[in-house]
Asker: 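One structure is given below, represented as structure tokens, and several questions about it will come after.
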Amino acid sequence: MIGEIPRTFDGFVETSNRGRYHRSMVTEATVRTALANVIDPELHTDIVDLGMVGEISISDTIATIGLALTIASCPMRGQIESDIIRRVTAVPGIEVVHIVTSVMSQEQRSTLMGRARLRARETATPTAVNPATRVIAVSSGKGGVGKSSLSANIALAIADQGHSVGLMDADIWGFSAPRILGAGEDRLEANEDRKIVPTVAHGIHLVSTGLLLDDEDTALMWRGLMLTKAVEQFLKDVAWPNDLGYLVIDMPPGTGDVQMALARLLPQAEIVVVTTPQVAAQKVAARVADMAKRSHMPIVGVVENMAGFTTESGEHYDIFGSGGGETLADDLGVPLLGSVPIDPLVASGGDRGHPIIIEHPGSAAAVAITAVAERITEVLPPLALDNCVGRLGALLDEIPVVSN
Ligand SMILES: Nc1ncnc2c1ncn2[C@@H]1O[C@H](COP(=O)(O)OP(=O)(O)O)[C@@H](O)[C@H]1O
Ligand SMILES: [Mg+2]
């Protein structure tokens with residue numbers, strides 16, 4: 001179901017290569033499509049399908065959206081509204097979002113519950129990624145900036161907060177997640193439904209081509225496979241746990257194909273851009289941002305990696321320059337989620353399967369990564385958990401069961 005949401009790019013023209021778009025005509029349908037990626041945290045169904053989206057009007061770069069809430073006082077409201085804002089401002093041509101809220105009538109609520117029940121049945125498959133799983137695609141324009149190191153350590157830091165976390169290594173040829181998580185010797189197996197079961201490394205549910213290959217020949221066979229096919233298989237044929245709160249995706253460097261496939265298959269995916277403090281790296285990262293705009297994937301924020309080195313005696317060296325992360329975040333209008341310093345423990349820990357977050361949680365780099373993970377879960381709080389106690393129960397008590 002989630003893979004079928006159309007992503008239309010009609011109506012926009014790209015007028016420069018700097019990631020800026022000028023609106024020729026943003027249609028209501030485009031905004032509605034973007035809204036179809038906002039999932040109600042409790043009902044686990046998108047707000048368009050649930051009938052929560054009312055009138056949409058667009059004037060210049062401003063979108064005004066009618067939102068019908070089930071209960072006005074529900075604390076989930078803030079989350080739904082901030083998800084709407086991030087999704088709709090990711091539509092090229094829209095800069096400002098106004099939300100006009102109203103409260104549903106009894107009849108509307110009863111229809112909503114009918115839809116929610118129907119969808120709950122349809123999506124009750126243990127294989128696909130649950131639509132309520134937050135998906136974070138860790139991207140950058142080029143290799144070697146620390147995507148894989150950060151993906152693994154951010155996954156661990158989010159798991160430390162008590163969430164169930166998956167890591168999908170979408171770098172099909174250049175896989176490195178198994179080594180970093182010390183699972184290099186593990187091999188993936190299929191369950192009775194012939195779905196691939198993720199291996200569990202340091203508590204993280206991990207899938208990577210590195211866990212499929214046994215020899216160079218198999219590696220060559222995989223090389224013949226289309227990149228996007230492999231990613232598709234990782235999303236469709238893997239028995240991802242149904243209660244996965246977060247799925248971190250370690251993206252391959254620079255390819256647009258995988259990102260577009262991801263946008264198509266996992267509409268809830270959002271991007272974290274990794275850059276080094278260098279201006280050159282930042283330019284490459286800006287291309288990722290451009291891709292994000294085109295695929296309608298919101299950018300959660302920027303992480304600056306390899307931001308300076310401090311010696312034991314306290315001397316600080318900006319080896320790869322400074323300020324690139326801040327500048328990129330400003331350019332993109334997204335938060336700088338944090339700056340992670342150069343620390344040899346990141347590299348040696350990754351080589352030995354002893355991630356720095358676990359082995360040296362007090363090190364400056366681990367502290368910075370933990371802070372980044374906190375920022376991420378602040379911006380993207382878990383959807384799979386029931387934060388709004390009793391809302392669903394109250395609704396069920398209060399309305400008659402509708403049949404479909
Ligand atoms: N903050 C850091 N401090 C020291 N070394 C790092 C840091 N981040 C990444 N590295 C090292 O840099 C190299 C490239 O990192 P990697 O995570 O593989 O990047 P990417 O996935 O973007 O290609 C690896 O050897 C890794 O251990
Ligand atoms: Mg990598």
Side-chain angles (χ1 to χ4, degrees), residues 135-158 165-181 183 201 204 206-210 227 230-231 234 246-263 266 269-278 280-292 295 297 299-307 320 324-325 328-329 332 334 336-343 345-347 349-351 353 355-357 365-366 368-370 372-373 375-376:
V135 179
I136 301 152
V138 180
S139 312
S140 84
K142 69 169 200 176
V145 298
K147 283 183 303 299
S148 300
S149 311
L150 289 181
S151 297
N153 281 292
I154 287 172
L156 288 165
I158 294 178
V165 180
L167 178 59
M168 181 178 121
D169 187 351
D171 199 345
I172 303 301
W173 304 334
F175 57 84
S176 51
R179 179 176 42 80
I180 297 172
L181 286 179
I204 304 295
L206 173 67
V207 165
S208 166
T209 38
L227 218 58
V231 169
F234 278 175
Y246 294 85
L247 176 62
V248 178
I249 304 188
D250 181 5
M251 296 294 283
T255 48
D257 284 0
V258 170
Q259 232 147 4
M260 293 311 275
L262 196 72
L266 278 184
E270 310 207 14
I271 290 177
V272 165
V273 185
V274 181
T275 186
T276 65
Q278 261 170 311
Q282 183 209 321
K283 273 193 179 145
V284 188
R287 261 181 245 151
V288 174
D290 186 50
M291 173 61 63
S295 60
M297 279 197 275
I299 300 173
V300 184
V302 173
V303 182
E304 185 179 64
N305 189 29
M306 308 190 185
F320 296 119
L328 179 62
L332 298 172
V334 299
L336 178 65
L337 299 167
S339 269
V340 180
I342 295 173
D343 189 332
L345 293 170
V346 172
D351 286 343
I356 188 167
I357 287 284
I369 293 167
T370 303
V372 166
R375 291 297 304 279
I376 291 175

Asker: Nearest 0.5 Å, what's the CG-CD1 distance between Leu332 and Ile299?
Answerer: 5.0 Å
Asker: Roughly how far, to the nearest 0.5 Å, is the CG atom of Asn305 from the OG atom of Ser149?
Answerer: 7.0 Å
Asker: Mind checking the CD1-CD1 spacing from Ile369 to Ile158? Nearest 0.5 Å is all I need.
Answerer: 11.5 Å
Asker: Tell me, please, which residues at least two apart from Asp169 pass side chain to side chain contact (heavy atoms under 4.5 Å, CB included).
Answerer: Asp171, Phe175, Ala177, Pro178, Ser208, Asp250
Asker: With no hydrogens and no angle check, is any side-chain donor or acceptor of Glu304 less than 3.5 Å from a backbone partner on Gly324?
Answerer: yes
Asker: Nearest heavy-atom pair of Ala230 and Ile172: which atoms, and what distance?
Answerer: CB-CD1, 3.7 Å
Asker: Quick test of your reading: applying salt bridge (charged side-chain N to carboxylate O under 4.0 Å, His left out), list the pairs with at least one residue in residues 172-181, sequence neighbours left out, ordered by first then second residue.
Answerer: Arg179-Asp351
Asker: What closest approach, in Å, do Gly338 and Val372 show between heavy atoms, and which atom pair accounts for it?
Answerer: CA-CG2, 3.8 Å
Asker: For Ser176, give me all partners under side-chain hydrogen bond (donor to acceptor under 3.5 Å, both in side chains), at least two apart in sequence or on another chain.
Answerer: Ser148
Asker: May I ask you to decide if Gly325's main-chain N or O and Thr275's side chain share a donor-acceptor pair within less than 3.5 Å?
Answerer: no
Asker: Among all residues two or more places apart in sequence or in another chain, which pass the side chain to side chain contact (heavy atoms under 4.5 Å, CB included) test with Ala170?
Answerer: Met168, Val231, Ile249, Met251, Pro252, Val258
Asker: I need the minimum non-hydrogen distance between Pro253 and Gly143, along with the two atoms involved.
Answerer: CB-N, 3.5 Å
Asker: On a heavy-atom basis, which atom in Val145 and which in Ser140 lie closest, and how many Å separate them?
Answerer: CG2-OG, 3.3 Å
Asker: Which residues pass the side chain to side chain contact (heavy atoms under 4.5 Å, CB included) test with Ala269, not counting sequence neighbours?
Answerer: Val135, Leu262, Leu266, Met297
Asker: Starting at CZ of Arg375, measure out to OG1 of Thr370 and round the result to the nearest 0.5 Å.
Answerer: 14.0 Å
Asker: How would you list, by chain and number, every residue that makes a side-chain hydrogen bond (donor to acceptor under 3.5 Å, both in side chains) with Ser139, sequence neighbours excluded?
Answerer: Gln259
Asker: How long is the span from the CG atom in Leu336 to the CG atom in Leu328, to the nearest 0.5 Å?
Answerer: 9.0 Å
Asker: Compare every heavy atom of Phe234 with every heavy atom of Thr209, then report the nearest pair and how far apart it is.
Answerer: N-CZ, 3.6 Å
Asker: Measure the CG-CG distance between Leu181 and Leu167 for me, rounded to the nearest 0.5 Å.
Answerer: 6.0 Å
